[in-house]
Amino acid sequence: MALIHRMGWYGTLAILLAGATSVTNFTPAGSPPPPESVNVTVRTLVPKPVQRIDSQGSYRFGDGSAIAATGDARPVGEYLANLLRPLTGELLPMNPKGDIVLVVEPGHPAGGYDLRVRSSGIWIAANDPAGLFLGIQTLRQLLPPPVAGVTTWAIAATDITDFPRFSYRGAMLDVARHFFTVAEVKRYIDEIAAIKLNVLHLHLSDDQGWRLEIKGWPKLTQIGGVTEAGGTPGGYYTQAQFSEIVAYAASRFVTIVPEFDMPGHTNAALASYAELNCSGIARKPYYGYSVGFSSLCVHKEITYKFVADIVQQVAALNPGPWFHLGGDESSATSLADYKYFVDRVLKIIADAGKTPMGWHDIGYAPNIPAGTVGEYWDYTTPRGGSPSLTRWILKAGGQLVMAPSNVAYVDQKYSLSETIGTKWAEPPLTIQESYGWDPTGVFPSYPEESFLGVEAPLWTETVHNMQEIEYMAFPRIVAIAEIGWSPNADRSFEEFAPRLATFGVYMEAAGINFKRTPGVPWK
Ligand code: TNX
């Protein structure tokens, strides 16, 4: 088996280059390079790097290739070795004298990396392992797509200096409307990490389901955990499974943002515990698609015991800095009650040592702790109260994550004839529209530091499985990833489209069920 793999990987190259008769007759790295008779394709990248200078020559993988990654770089080196394994047929060895050098050291771009490819080797350096990991994602796209028939495992020489525009580059997955397994969430983490997203926001509770075990509140999962939209069986994560997701995300340098939506979007909790209702009567489970009809009982103390238990347990399970309290569409809570409730919950979160995050509606709260993150969901042309709500969050020393629903909500239909997707935020949401906006341009008068980053939410009322997750997210989430990463002045859809088409070949090789959106020259 190893031999067959090696043939595919290097031996075939040796045959092509030298007309060799034996697959073991190859030139190890370090020896004179094989003749440059094979044109090595210069491969484009998504997201687009900040600076790239290509040059003559290429690096060719061979049996002499080895990864040099010591100290803090070592785990990322092992990750790279595992990635290349399907190509090489055996684990690419780790060797401190290897020619694929990964370095963690100061002096590189903040949040990013430097990468060089030469005929003599590959060098990636970053200030921290997270930056190195991002450099590896670039390296993956510089390699040929891992499809059958590729014979030349080589990379054209290049110098890349790259760093993100925003530190927060998120995807949101709604596991409440439909439940997704640990394996599915892990797959999504790998998919978003490949395009340099570094946050996965999990929407863990809503009217249709409660998705995390909370100690002392067993009925949340016994009753709230077994339902989902449409009436099919739901599911939930045990705390151990949640920790498994958090640890897997950390291995991909992805931070989990746990969201428990409140005071509205709480029917599943209200169905589980009668005492959380003002009436003292448990609500019926909900399988539908409406919003804005449920509320925790704001003037009962048990409500705050409930919230504190969730916040504290989740804070202990998740090292990430943020706890997201939702706070959207609380139409069944009076404004006075909403303000009182959100103020108290913001304090519970801050007291647990976490930075509060919420949909921008939390800007109604009178007392917002400094650092609080408001997630903006209104349109790219702000309407109604959204300018004053966001301004209040900023005035309190907070920041915004931009997820305008008319361009970043990847649950919106691609076209009105699609069967999957919702259609309230001005669909169709085409790839051109997902790409063609600037987060800071939504509020041009706010200073640049008001914007922590961007996010692509995937609500799942109409999304049932991994295939449908991928279909809705890809390729539009690639557009959002580039908006979050690349300098705005460098971006145009005309230039993005062919790079996206190239990435399509990689998505196909990875088995991602993406939509071949019109306007992109898919291969
Ligand atoms: C709005 S805008 C929601 C979600 C729905 C979504 C469907 C916002 C913060 N919440 O409750 O799932 O629309 O597109």
Side-chain angles (χ1 to χ4, degrees), residues 170-180 201-211 227-230 234 257-269 286-295 322 324-333 338 342 356-365 373-386 389-390 393 400-414 416 418-429 433-434 442 454-464 468-469 471-473 476-477 480:
M172 187 279 267
L173 182 63
D174 172 5
V175 297
R177 269 52 176 274
H178 281 99
F179 178 69
F180 300 98
H201 164 185
L202 289 174
H203 184 75
L204 286 159
S205 70
D206 213 301
D207 292 316
Q208 297 87 345
W210 186 276
R211 303 298 175 218
T227 55
E228 64 179 15
V257 173
E259 178 189 353
F260 291 85
D261 206 346
M262 56 183 94
H265 288 280
T266 43
N267 194 82
Y286 183 70
Y287 311 102
Y289 305 92
S290 295
V291 297
F293 60 86
S294 56
S295 180
W322 298 288
H324 198 307
L325 71 136
D328 58 315
E329 299 171 326
S330 296
S331 323
T333 318
Y338 181 85
V342 174
M357 183 163 177
W359 299 102
H360 73 256
D361 316 48
I362 63 167
Y364 282 115
V373 177
E375 182 164 3
Y376 180 79
W377 60 261
D378 195 8
Y379 293 173
T380 39
T381 304
R383 306 161 305 166
S386 65
L389 294 170
T390 52
I393 293 168
L400 300 176
V401 163
M402 300 301 287
S405 46
N406 64 321
V407 289
Y409 270 31
V410 293
D411 72 314
Q412 298 299 306
K413 288 180 183 244
Y414 283 102
L416 295 177
E418 294 274 330
T419 50
I420 315 173
T422 49
K423 51 171 187 181
W424 67 268
E426 297 190 326
L429 178 51
E433 280 184 88
S434 318
V442 176
V454 293
E455 190 171 286
L458 178 50
W459 304 99
T460 59
E461 287 93 334
T462 67
V463 174
H464 307 84
E468 293 179 358
I469 289 175
Y471 182 80
M472 296 308 280
R476 292 180 295 193
I477 199 170
I480 306 299

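Counting starts at 1 for both ligands and their atoms, in listed order.
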### Protein residue, atom and distance nearest to atom 1 (C) of ligand 1, heavy-atom basis
Glu329 OE2, 3.3 Å
### Message
Under 4.0 Å from a heavy atom of Thr422: which atoms of ligand 1 are those, numbered in the order shown and with their elements?
### Response
14 (O)
### Message
Any side-chain to backbone donor/acceptor pair from Tyr414 onto Met472? Under 3.5 Å, distance only.
### Response
yes
### Task
Would you check whether Glu375 reaches within less than 4.0 Å of ligand 1, judged by its heavy atoms?
no
### Query
Side chains of Trp359 and Asp261: is there a donor and an acceptor less than 3.5 Å apart?
no
### Message
Using 0.5 Å steps for rounding, measure from the CG atom of Asp174 to the OG1 atom of Thr460.
### Response
3.5 Å
### Message
At less than 4.0 angstrom from any non-hydrogen atom of Gln412, what atoms of ligand 1 do you find?
### Response
14 (O)
### Message
Please report whether ligand 1 has a polar contact with Asp174, defined as an N or O pair separated by less than 3.5 Å (distance criterion only).
### Response
no
### Summary
Sorted by chain and residue number, the salt bridge (Lys or Arg N to Asp or Glu O under 4.0 Å) partners of Asp328 (sequence neighbours excluded) come out as none
### Task
Return the orientation label for the Tyr286 and Phe293 ring planes: parallel under 30°, perpendicular over 60°, tilted otherwise.
tilted
Cut-off 3.5 Å, no hydrogens considered: what does the side-chain donor-acceptor table look like for residues 419-427, sequence neighbours left out?
from, atom 1, to, atom 2, distance (Å)
Thr422, OG1, Asp411, O, 3.4
Thr422, OG1, Asp411, OD2, 2.5
Thr422, OG1, Gln412, NE2, 3.1

### Query
Do Val401 and Met357 come close enough that some side-chain heavy atom pair is under 4.5 Å?
yes
### Query
Taking only heavy atoms of Asp411, which atoms of ligand 1 are found under 4.0 Å from at least one of them?
7 (C), 14 (O)
### Query
Is there at least one pair of N or O atoms, one from Arg177 and one from ligand 1, spaced under 3.5 Å apart?
yes
### Query
Of the protein's non-hydrogen atoms, which lies at the shortest distance from atom 9 (C) of ligand 1, and what is that distance?
Asp328 OD2, 3.1 Å
### Message
I need the atoms of ligand 1 closer than 4.0 Å to a non-hydrogen atom of Tyr409, numbered in the order shown.
### Response
2 (S), 8 (C), 9 (C)
#### Entry: Sidechain-backbone polar pair: Glu259 side chain, His324 backbone, donor-acceptor under 3.5 Å
no
#### Entry: Protein heavy-atom partner closest to atom 5 (C) of ligand 1 - residue, atom, separation in Å
Glu461 OE2, 3.3 Å
### Query
Which of the numbered atoms in ligand 1 are below 4.0 angstrom from a heavy atom of Trp424?
1 (C), 6 (C), 7 (C), 13 (O), 14 (O)
### ligand 1 N/O within reach of Trp459 N/O, cut-off under 3.5 Å
no
### Test item: His201 side-chain N/O and Val257 main-chain N/O as donor-acceptor pair under 3.5 Å
no
### Interfacing atoms of ligand 1 (cut-off 4.0 Å, heavy-atom, His265)
11 (O)
